[in-house]
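Shown next, in structure tokens, is the structure this report addresses.
The model shown is predicted, which means the values in this text are computed figures rather than measured ones.
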Amino acid sequence: MDWSFSLQCGWIGLHFLGLATVWMVRIHAGMKSEGLAHAMFLASFCSIVLATLVGLKCNSTNWTFSAGILAIMIVAAVFDFSSPKEHTMQLEFVHNRD
């Protein structure tokens, strides 16, 4: 097996792992394993950042795919996918006694 094929398979696997960790962070929100999911997300995020920089430095066109995966990871980690019905606004008025 050629080493470049192994490198490409590892590169693609790294990106699938990154997307899987985003999913894991969402699934484990509020659980005891949330910290582990966050750590795995951070590690895979940093790995994909490095893959993007290496691809950019080597004049490869694959860096755009890595950058797109990074963008998807950021949006999926930050955006709230819950339905608007679950959001409630609670206002409390406190009387000022001056």
Item to check | Pairwise distance CG(Leu70) to OG1(Thr52) - rounded to 0.5 angstrom | outcome: 4.5 Å

Checklist entry - Tell me, do Phe45 and Ile74 make a side-chain contact under 4.5 Å, heavy atoms counted? => result yes

Next on the checklist: Rounded at 0.5 Å granularity, tell me how far CD1 in Ile12 sits from CD in Gln8.
Outcome noted: 6.5 Å

Item to check | Hydrophobic cluster membership, Leu14 vs Leu50, 4.5 Å side-chain cutoff | outcome: no

Checklist entry - Rounded to the nearest 0.5 Å, how far does CG of Leu56 lie from OG1 of Thr61? => result 11.5 Å

Checklist entry - Is the ring centre of Trp11 less than 6.0 Å from the ring centre of Phe16? => result no

Next on the checklist: Distance check, rounded to the nearest 0.5 Å: Thr21 atom OG1 versus Met24 atom CE?
Outcome noted: 7.0 Å

Checklist entry - With a 4.5 Å limit on heavy-atom distance, are the side chains of Met73 and Ser44 in contact? => result yes

Checklist outcome for this item: Residues Gly18 and Ile48: closest non-hydrogen pair is CA-CD1, 3.9 Å

Item to check | OG on Ser66 to CG on Leu53, rounded to 0.5 Å | outcome: 9.5 Å

Checklist entry - Hey, what do you get for CZ (Phe41) to CG (Leu19), rounding to the nearest 0.5 Å? => result 10.0 Å

Checklist entry - Which atom pair, heavy atoms only, marks the closest approach of Val22 to Ala76? => result CG1-CB, 3.1 Å

